[in-house]
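The sequence lines fix the lettering, A, B, ..., with proteins before strands; numbering per chain opens at 1.
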There are 2 protein chains.
Amino acid sequence: MNVRTLCLSILYEGEATGYEIRRLCVEGECSYFVEASFGSIYPALARLEDEGLVVSRTEQQSGKPAKKVYSITDQGRTAFAEELAGPLGEDVFRSPFLLFARFAHILPRDLVEARANEYLEKHIADHRRLEEAFAERGSNAADTWVINYGRAVMEVAERHIRSHMHELITLARAEPKKDAAE
Amino acid sequence: MNVRTLCLSILYEGEATGYEIRRLCVEGECSYFVEASFGSIYPALARLEDEGLVVSRTEQQSGKPAKKVYSITDQGRTAFAEELAGPLGEDVFRSPFLLFARFAHILPRDLVEARANEYLEKHIADHRRLEEAFAERGSNAADTWVINYGRAVMEVAERHIRSHMHELITLARAEPKKDAAE
DNA sequence: CGGGACATATGCCGGACCGATATATGCCGG
DNA sequence: CCGGCATATATCGGTCCGGCATATGTCCCG
């Protein structure tokens with residue numbers, strides 16, 4: 001799954017600027033399974049325009065910089081459907097925190113406790129964001145299906161961390177090496 | 001979280017070759033939250049050796065190519081602990097399948113059904129692999145904590161897909177455009 | 001009322017990383 | 001005996017991230 005396809009998927013639902021696409025990847029209801037940064041979105045949009053899969057129109061705004069609004073073309077819709085029909089690529093899950101957690105026994109307890117709390121807070125925030133997306137009900141049935149899958153998984157993840165984090169903290173080194181701290 | 005740190009984390013537990021590190025990332029009990037390919041592992045190991053964080057010894061084998069076995073140094077252990085104490089980076093979850101699922105309504109039912117089944121099979125396999133890692137009990141307490149977190153999440157993911165995939169399939173286009181296939 | 005933080009918006013660049021490929025070797029099955 | 005597979009190291013092209021530069025306007029705080 002490349003950034004090109006991601007851009008097409010967002011433009012499929014309606015026109016948007018590069019900036020908005022990025023925001024949807026970070027804050028949108030589907031931000032829990034797609035991601036992309038400016039450094040890849042803008043070049044991708046430029047290439048899509050070269051290939052005729054999207055068109056752009058520059059819009060002047062008072063009080064804000066001019067923006068380039070992209071729309072998908074019929075050719076783009078076809079290309080997107082073909083892309084989805086082709087090989088998809090595997091799901092990716094990477095967790096620096098879980099790597100950290102595996103070594104709890106060599107780390108000072110204060111640090112493990114702080115990180116575990118951060119991790120829980122992050123999960124609570126992500127979970128709540130998805131519950132709100134579900135409550136809004138602006139999305140179609142397929143979107144709702146995807147959101148419900150996310151809700152089910154996040155609910156369990158949050159609950160598991162909440163009720164088991166103290167076990168992880170107990171595993172950490174009781175006394176932090178005083179001199180070697182930083 | 002970079003590949004350097006990942007290599008150090010594996011070598012922390014015992015010596016290994018680049019090939020073995022790669023295999024642990026793909027098949028090992030922790031493969032569900034770390035990943036790396038040859039293209040990044042070999043350069044990373046070379047750089048770690050330059051920096052004195054690991055040392056290597058070449059071992060001739062009969063019937064197989066010679067291998068370079070890497071071991072972590074005291075300096076490497078210290079650097080690894082410092083790395084874990086520093087900023088960690090966010091968890092990443094990316095799912096081409098969920099992006100695909102969002103557009104079930106524009107895709108032929110056969111395709112959606114096939115992909116949903118593949119996705120379920122993949123989850124069953126991943127989940128089982130983790131249950132086996134749990135049953136083996138060769139790991140320490142922190143590893144077990146991490147595995148249990150994965151088990152809890154995977155159990156729910158698998159169950160949710162199993163009991164809700166038919167809803168997604170129902171959303172797909174009933175009659176596949178016969179001419180536009182491929 | 002000046003200045004800094006923040007939001008909108010586009011774009012580039014260095015470096016990290018993936019996936020494919022090359023190279024070498026020996027095993028095993030058809 | 002030949003092709004495919006497993007072991008093992010290494011490189012290379014291309015994709016992508018994160019930080020930075022640039023431009024402009026708002027809003028709040030001192």
| field | With Glu113(B) via salt bridge (Lys or Arg N to Asp or Glu O under 4.0 Å) - residues at least two apart | value | none
| Quick one: is dC17(D) close enough that its OP1 or OP2 comes under 4.0 Å of any side-chain N or O from Arg94(B)? | yes
| Residue pairs fulfilling salt bridge (charged side-chain N to carboxylate O under 4.0 Å, His left out) with at least one residue in residues 33-50 of chain B, sequence neighbours excluded | Arg47(B)-Glu51(B)
| said: Going by the rule salt bridge (Lys or Arg N to Asp or Glu O under 4.0 Å), which residues pair with Arg23(B) if we only count those two or more places apart in sequence or in a different chain? | reply: none
| What pairs with Thr170(A) under side chain to side chain contact (heavy atoms under 4.5 Å, CB included), at least two apart in sequence or on another chain? | none
| For Glu167(A), what residues pass the salt bridge (Lys or Arg N to Asp or Glu O under 4.0 Å) criterion, not counting sequence neighbours? | none
| message | So, using side chain to side chain contact (heavy atoms under 4.5 Å, CB included) as the criterion, who are the partners of Leu24(A) when residues are at least two apart? | response | Ile10(A)
| message | Five pairs per end, C1' atoms only: what is the angle between the end axes of the helix from dC1(C)-dG30(D) to dG30(C)-dC1(D), to 10 degrees? | response | 20°
| query | Tell me, which of residues 36-57 of chain B have any heavy atom that sits under 4.0 Å from an atom in DNA chain C? | reply | Ala36(B), Ser37(B), Gly39(B), Ser40(B)
| said: What I want to check is whether the side chains of Glu158(B) and His127(B) have a donor and an acceptor closer together than 3.5 Å. | reply: yes
| note | Contact check, residues 6-29 of chain A vs DNA chain C, heavy-atom distance under 4.0 Å, returns Thr17(A), Gly18(A), Tyr19(A)
| message | Please report the distance, rounded to the nearest Å, between NZ in Lys68(B) and P in dA24(C). | response | 18 Å
| request: Whole angstrom is fine here: how far is it from OH in Tyr70(B) over to C1' in dA8(D)? | output: 11 Å
| query | What residues, two or more places apart in sequence or in another chain, satisfy salt bridge (Lys or Arg N to Asp or Glu O under 4.0 Å) together with Glu59(B)? | reply | Arg57(B)
| field | Results of ring-ring contact (aromatic ring centres under 6.0 Å, His included) for Phe33(B) - residues two or more places apart only | value | none
| task | Could you tell me the separation between the CD atom of Gln60(B) and the C1' atom of dA8(D), rounded to a whole number of Å? | result | 12 Å
| task | Taking side chain to side chain donor-acceptor pair (under 3.5 Å) as the test, write out the residues that go with Asp91(B), two or more places apart. | result | Ser95(A), Tyr119(A)
